[in-house]
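As the structure is a computational prediction, the values presented were derived from the model and not from experiment.
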Amino acid sequence: MSKTLVVVGAGPGLGMGVARAFGLQGFRVGLIARTRSKLHTLVGELADLGITAAAFPADIRDRDALTTALAAAEDTLGPIDMLEYSPSPTGPITHAAQTTVDSVTAQFELQVLGAVTAVGHVLPQMLARGDGTLLLTTGVSSTVPAPFLANVGMAMAGLRNWAHTLHAELKPQGIHVGTVTIASGITPGAGEADPDAIGARYYSMYQQRNRIEEVIGDLDTFRSLVTRTGGHGNPAGA
């Protein structure tokens with residue numbers, strides 16, 4: 001029987017790279033993001049490749065809407081075997097000294113509380129089956145402190161930390177949890193930063209189930225950028 005992948009925070013770059021990698025291996029694919037028209041375009045692209053896919057629009061910060069979308073994906077495509085969580089940062093990105101409660105809250109709602117909501121929905125069924133995979137994506141600021149990405153880094157570091165703790169707790173119960181740190185711009189044709197190359201890395205993590213973390217790009221290059229710019233670098237690639 002074919003299995004089901006759901007991508008939360010699906011977009012034309014990373015999300016579609018993951019969707020194609022799994023879909024071409026026979027997975028049914030559910031895509032969750034805010035904009036219905038964009039999702040339907042992505043579903044059409046997957047259908048052109050012979051991949052069974054469906055769109056489930058939801059604002060990830062709306063926890064009830066996200067849960068409803070995940071339930072609809074299960075009803076349409078079957079039990080979720082693999083959940084990939086990778087919403088792009090939205091809203092103001094603040095420097096460390098300009099970070100406010102509101103700016104941090106917005107990023108935690110998206111990066112952390114959305115992930116907790118999604119995992120909380122799919123995990124009980126995975127535990128009942130004794131099998132399942134959760135891959136939670138962060139950016140380079142989850143690992144390398146960068147003053148110009150302060151509020152995003154706070155949230156993504158929290159998500160990365162939670163992924164590591166989930167991995168330790170759930171591995172004995174048959175659930176594989178991993179985290180992927182994107183330390184590079186995602187660009188078609190750019191070697192390991194190509195969306196399909198990234199998707200292949202996710203599929204390898206799913207298949208092998210032997211590692212908690214994968215890094216796409218070069219952390220040391222980003223560290224050098226932060227040092228070189230005195231923490232005032234370009235916030236692209238959070």
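- With rounding to the nearest 0.5 angstrom, the CG atom of Asn161 is 9.5 Å from the CG atom of Leu166.
- There is a side-chain donor-acceptor pair under 3.5 Å between Glu84 and Thr137.
- Within a 6.0 Å sphere centred on CZ of Arg36, heavy atoms belonging to other residues, nucleotides or ligands number 12 at most.
- Taking CD of Glu192 as the reference point, atom CD1 of Ile198 lies at 8.0 Å (rounded to 0.5 Å).
- No donor-acceptor pair closer than 3.5 Å links the side chain of Ser142 to the backbone N or O of Thr138.
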I would like to know whether Arg63 and Glu109 meet salt bridge (Lys or Arg N to Asp or Glu O under 4.0 Å); could you show each step before the answer?
CA-CA 9 Å; Arg63 292 188 278 283; Glu109 286 180 342; 5.2 Å; no
Side chain to side chain contact (heavy atoms under 4.5 Å, CB included) between Leu70 and Leu83, intermediate numbers included:
CA-CA 10 Å; Leu70 288 163; Leu83 176 76; 4.3 Å; yes
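- Residue Ala54 comes nearest to Val43 through the heavy atom pair C-CG2, 3.7 Å, listed as atom of the first residue, atom of the second, then distance.
- Side-chain contact of Glu213 with Thr181: a donor-acceptor pair under 3.5 Å is present, judged by distance alone.
- In this structure a side-chain-to-backbone donor-acceptor pair under 3.5 Å is present from Gln173 to Glu169.
- Scanning both residues, Ile32 and Ala58, for their nearest heavy atoms gives CG2-CB, 4.2 Å.
- Counting non-hydrogen atoms of other residues, nucleotides and ligands closer than 6.0 Å to CZ of Arg34 gives a total of 12 or fewer.
- Contact check for Phe222 versus Leu149: side-chain heavy atoms found under the 4.5 Å cut-off.
- One N or O on the side chain of Asn151 and one on the backbone of Pro92 form a donor-acceptor pair closer than 3.5 Å.
- The environment of CD in Gln98 is crowded: more than 12 heavy-atom neighbours from other residues, nucleotides or ligands sit within 6.0 Å.
- Side-chain contact between Met82 and Lys3 is absent, with no heavy-atom pair separated by less than 4.5 Å.
- Closest approach of Val177 and Ala163 over heavy atoms only: CG1-O, 3.6 Å.
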Apply side-chain hydrogen bond (donor to acceptor under 3.5 Å, both in side chains) to residues Thr117 and Arg61 and explain how you reach the verdict.
CA-CA 10 Å; Thr117 299; Arg61 290 194 176 102; over 6 Å; no
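- Defined by atom type and a distance below 3.5 Å, a donor-acceptor pair is missing between the side-chain atoms of Thr143 and Arg223.
- The main-chain N or O of Val215 is found under 3.5 Å from a side-chain atom of Arg201 such that the two form a donor-acceptor pair.
- The distance from the CG atom of Leu134 to the CG atom of Asp81 is 11.0 Å, given to the nearest 0.5 Å.
- Thr68 contributes a side-chain N or O that, together with a main-chain N or O of Asp64, makes up a donor-acceptor pair within less than 3.5 Å.
- Nearest approach of Leu31 to Ala19, heavy atoms of both residues: CD2-CB, 4.2 Å.
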CA sep, side-chain torsions, deciding dist, call: Val29, Leu77, side chain to side chain contact (heavy atoms under 4.5 Å, CB included):
CA-CA 8 Å; Val29 175; Leu77 301 172; 5.9 Å; no
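- You'll find the side chain of Leu136 reaches within 4.5 Å of the side chain of Trp162, heavy atoms only.
- Taking the side chain as every heavy atom from C-beta outward, Leu42 and Pro12 approach each other to under 4.5 Å.
- Here the closest heavy-atom approach between residue Thr133 and residue Arg209 is recorded as OG1-NH1, 3.4 Å.
- One finds the CG atom of Asp131 at 13.0 Å from the CD atom of Gln125 (value rounded to the nearest 0.5 Å).
- One N or O on the side chain of Thr100 and one on the backbone of Ser103 form a donor-acceptor pair closer than 3.5 Å.
- Shortest non-hydrogen contact noted between Leu110 and Pro87 is CD1-CB, 3.8 Å.
- The OG1 atom of Thr94 sits 8.0 Å away from the CD atom of Gln107 when rounded to the nearest 0.5 Å.
- Checking Thr76 against Arg28 by side-chain atom types alone, no donor-acceptor pair falls below 3.5 Å.
- Between Glu74 and Pro79, every side-chain heavy-atom pair lies at or beyond the 4.5 Å cut-off.
- Met154 places none of its side-chain heavy atoms less than 4.5 Å from the side chain of Ser141.
- With Glu214 contributing its side chain and Met205 its backbone, the two residues share no donor-acceptor pair below 3.5 Å.
- With values rounded to the nearest 0.5 angstrom, Ser88 atom OG is found 10.0 Å from Ile182 atom CD1.
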Can you check side chain to side chain contact (heavy atoms under 4.5 Å, CB included) on Phe56 and Val6, steps first, answer last?
CA-CA 10 Å; Phe56 304 96; Val6 170; over 6 Å; no
